[in-house]
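All remarks here apply to the structure that follows.
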Amino acid sequence: MEVVILADPAAVGSHTAELVARRAAETPDMVLGIATGSSPLGTYRELARLHAQGDVTFDGVRCFALDEYVGLPERHPASYALVVERELTTPLGLDPANVRTPDGSAADIQQACLDYEHALAASGGVDLQILGIGTNGHIGFNEPTSSLASRTRVKALSQQTRMDNARFFAKGEDVPTHCITQGLGTIMEAREIVLVAQGEAKAAAVAAAIEGPVSSMCPASLLQFHPRTRIVLDEAAASGLTLADYHRFVAEAKHHFPGGTR
Ligand code: GLP
């Protein structure tokens, strides 16, 4: 696990955007796994800036979102389908036909979950997955006690998550109670993962994910088993790490080894 600690949220956004842009240049038809929530917005806005400058193209990039609320009215502004359209598809010039979110309004919601797994498999799998982390350690919407082997499924949201996400809705009670989320087993199949976190509110979850035991009580801790994961943090999100100085040393010393260290 590579842990990169940067000064502030702006640095997290540009570092992560550079990584995504590099991968898109290496593999123009890559499959990019996208997270919603506020954590990756700095990254997406920096990617939009690079795209507007003509520095990077996403013409052939295929995207899969991690999750979606169940039961929101079509084109609700907080639906992840709309967030993805607003923050990614339009500003990055993605082909809408190449961008998928789980169908949270499907008549047969269980079938929609299976269809999403099939679509992911048919794409050849995710090359680079972008993740945020919830204050309770969730990734996607895999709440604490999620099966570490779970696949895309319907999941009940925790009270903590509903409170955290109330800011995106007019009233707290408007936050849906359920979602479709890629499972932890699904996410772990991505060939490369980058998780971004900013702010002190994430410090405890980040520390549990990186330094705690692997446990379904902190779903992000499963990433300790992933061979190619980078965690990009600002100082505030890194403030709960006991080994922060080690990670800074690793980052400084890394150029001594071609290909870096992990
Ligand atoms: C959200 C999403 C996650 C996101 C996490 C953190 O509800 N389902 O994909 O990473 O919770 O959210 P935020 O980045 O807004 O803090």
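In each ligand, atom 1 is the first atom listed, and ligand 1 is the first ligand listed.
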Report all N/O contacts between ligand 1 and the protein shorter than 3.5 Å as a table of atom names and distances to 0.1 Å; if there are none, say 'none'.
| from | atom 1 | to | atom 2 | distance (Å) |
| --- | --- | --- | --- | --- |
| ligand 1 | 7 (O) | Y80 | OH | 3.3 |
| ligand 1 | 7 (O) | N165 | ND2 | 2.8 |
| ligand 1 | 8 (N) | D67 | OD2 | 2.8 |
| ligand 1 | 8 (N) | G140 | O | 3.3 |
| ligand 1 | 11 (O) | H138 | NE2 | 2.8 |
| ligand 1 | 14 (O) | S38 | N | 3.1 |
| ligand 1 | 14 (O) | S39 | N | 2.8 |
| ligand 1 | 14 (O) | S39 | OG | 2.5 |
| ligand 1 | 15 (O) | S38 | N | 2.7 |
| ligand 1 | 15 (O) | S38 | OG | 2.8 |
| ligand 1 | 15 (O) | R167 | NH2 | 2.9 |
| ligand 1 | 16 (O) | K202 | NZ | 2.6 |

Discussion item. Counting C-beta onward and ignoring hydrogens, is there a side-chain heavy-atom pair between I34 and L88 closer than 4.5 Å?
Written reply: yes
Fill in: Under 4.5 Å side-chain linkage, directly or through intermediates, the cluster mates of M217
none
Discussion item. Does this structure show an ion pair linking E143 with R162, if we count only N-O contacts that are shorter than 4.0 Å?
Written reply: no
Item to complete: Could you give me the CA-CA distance, side-chain angles and deciding distance for Y69 and F168, then say whether ring-ring contact (aromatic ring centres under 6.0 Å, His included) is met?
Response: CA-CA 12 Å; Y69 294 109; F168 299 113; 8.6 Å; no
Practice prompt. Please go through L120's hydrophobic cluster and name the other residues, only I, L, V, M, F, W, Y counting, with side-chain heavy atoms under 4.5 Å joining them.
Written response: V31, F64, Y116, V126
Practice prompt. List for me each residue that meets side chain to side chain donor-acceptor pair (under 3.5 Å) alongside S146, sequence neighbours excluded, and say none if there are none.
Written response: R153
